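Only a predicted model underlies this, so the values are computations on that prediction, with no experimental measurement involved. Numbers for residues simply follow the sequence, beginning at 1. Below, each value reflects all heavy atoms present in this structure, side chains not excepted, and no hydrogens, waters or symmetry copies.
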Amino acid sequence: MQRVAISTLGCKINQFESAAMTESLGREGFRMVPFDEDADIYVINTCTVTAKTDAESRRLIRRALRRNPAARVVVTGCYAQVAPDAVKDLPGVSLVVGNSEKRSIVEFLRAAAPAEKVVVSDISRERAAEGLRLESFAEHTRAFLQVQNGCDAFCSYCIVPYARGRSRSVPFGEVLAGIRSFAAQGFREVVLTGIHLGAYGLDLEPPASLLELLEAAEAEKAVPRLRVGSVEPNELTDDLIDFLARSETVCPHLHIPLQSGDDRVLERMGRRYTAAFFRERVKRLVAAVPDIFIGCDVIAGFPGETDEEFQNTVRLIDELPVASLHVFPYSRREGTAAARMGGQVDGKVLRVRAEILREVGERKRRSFCERFVGRELAVLMQNRGRDGEAVGLSRNYLPVRVLGYAGEMNAEATVMVTEVTPEGVGGIIRG
């Protein structure tokens with residue numbers, strides 16, 4: 001029985017796909033082991049959003065070979081998709097597998113000596129979101145369900161459309177069946193994931209929308225909690241906001257990519273909204289769903305970004321009721337329009353701006369958490385920590401540390417929040 005270890009970098013789609021590969025390999029007789037243990041085969045599911053994630057992928061390859069120099073190292077994911085030749089030339093790499101080819105991971109690993117070292121197809125030709133099958137999510141209380149893949153936006157800085165292909169949606173029936181399947185296994189929360197989730201359904205026949213999918217899932221109420229990933233600001237319609245305000249199932253939590261708070265930078269990025277529009281959408285959302293957790297992506301040091309343009313971003317974020325920032329120092333990605341732009345920002349300036357934004361994000365996070373001290377939250381209990389503590393997640397995405405919880409995991413409990421912690425909030429069981 002061959003031992004296989006998988007390590008995953010990047011987004012929830014990659015996490016989902018690694019879980020699906022783990023399941024299919026285990027079902028076919030492979031023995032799955034943790035990545036820091038000896039294995040016969042190491043699979044590295046890569047990300048390529050930034051140069052840092054490329055470097056992390058290379059570090060994982062070296063780490064695997066230090067653990068077992070005789071192991072086969074298989075590299076898949078977005079770095080493998082967009083730079084297969086560079087990946088195959090890395091010392092110790094046995095096989096490079098594209099994103100579409102993940103579906104055939106069992107066959108690739110069964111072959112003692114693959115006919116080709118690189119198996120990466122032209123993902124831009126993919127027109128259906130076939131995805132990977134996933135029947136269980138071992139040792140997790142929340143399950144991720146891939147409902148969409150790819151992106152048609154082609155923002156000037158982003159390599160993702162080249163790594164994931166065009167936008168493709170999983171049909172309604174398959175999504176609802178997936179939710180029901182997870183519910184039957186006892187999961188209390190399902191996270192709907194996609195590369196460009198707001199584009200869900202536009203490619204289906206007849207066309208549909210994310211809102212229609214959520215309304216169908218709400219009607220079934222198969223699980224107590226549904227969570228939605230990232231939605232672009234120009235896809236946050238009044239109808240979607242009104243639905244979130246009345247939904248009993250969809251959690252009050254959205255990730256809304258901002259990227260910049262300056263209109264000139266947004267235009268160079270190829271984003272399809274203005275700072276004023278973003279401000280209006282967020283305020284409209286918070287007015288309808290007062291306790292919603294809003295996370296934002298923001299890029300520091302985009303080509304040509306002046307001090308004034310950067311300060312416009314800081315001022316916009318400061319005034320908005322957002323709960324967290326995911327800060328990306330701009331990373332030049334060959335093959336994108338931004339890589340060819342003039343005015344590339346000096347690395348030292350870029351790092352300083354990123355640190356300023358992280359400090360703003362930490363202030364916003366703490367301010368959001370402080371609002372809930374003295375209030376009750378419904379918390380999905382996930383695991384036990386140290387010193388009799390238990391850890392869970394609120395509906396509005398706050399990590400909650402709970403003292404004195406003697407109940408079961410994967411159950412929702414009412415917690416009175418008593419303090420803000422470095423990770424989120426802490427509290428005690430109510431009643």
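- Salt bridge Arg333/Asp54: present, at least one basic N to carboxylate O contact under 4.0 Å.
- In this pair, Phe278 and Tyr273 present their aromatic rings tilted. The plane angle is within the 30 to 60° band.
- Counting only heavy atoms from C-beta outward, the side chains of Ile256 and Leu285 approach each other to under 4.5 Å.
- Salt-bridge check for Arg366 with Glu359: failed, with every basic side-chain N at 4.0 Å or more from each acidic carboxylate O.
- The pair Arg384-Glu408 does not count as a salt bridge, with every side-chain nitrogen at least 4.0 angstrom from each carboxylate oxygen.
- Salt-bridge formation is not detected for the pair Asp318/Lys364: no Lys NZ or Arg NE/NH1/NH2 atom is positioned less than 4.0 Å from an Asp or Glu carboxylate oxygen.
- A salt bridge links Asp262 to Arg264: at least one charged side-chain nitrogen sits closer than 4.0 Å to a carboxylate oxygen.
- With salt bridges taken as basic N to acidic carboxylate O contacts below 4.0 Å, one links Arg227 and Glu189.
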Arg110 and Glu28: CA distance, side-chain angles, deciding distance, salt bridge (charged side-chain N to carboxylate O under 4.0 Å, His left out) verdict: CA-CA 10 Å; Arg110 274 181 178 157; Glu28 294 298 323; 2.5 Å; yes
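- When all heavy atoms of Arg268 and Glu305 are compared, the pair lying nearest together is NH2-N, 3.5 Å.
- Considering only heavy atoms from C-beta on, Ser247 stays 4.5 Å or farther from Leu214 through its side chain.
- In this structure, Arg164 does not pair ionically with Glu126, as no charged nitrogen and carboxylate oxygen lie closer than 4.0 Å.
- In this structure, the side chains of Thr306 and Val265 stay at 4.5 Å or more apart for every pair of heavy atoms.
- Side-chain contact between Ile44 and Ile61 is present, with at least one heavy-atom pair separated by less than 4.5 Å.
- Under the ring-ring contact (aromatic ring centres under 6.0 Å, His included) test applied with Tyr330, the options Phe302, Tyr157, Phe310 reduce to a single match, Phe302.
- A salt bridge does not link Arg67 to Asp36: none of the charged side-chain nitrogens sits closer than 4.0 Å to a carboxylate oxygen.
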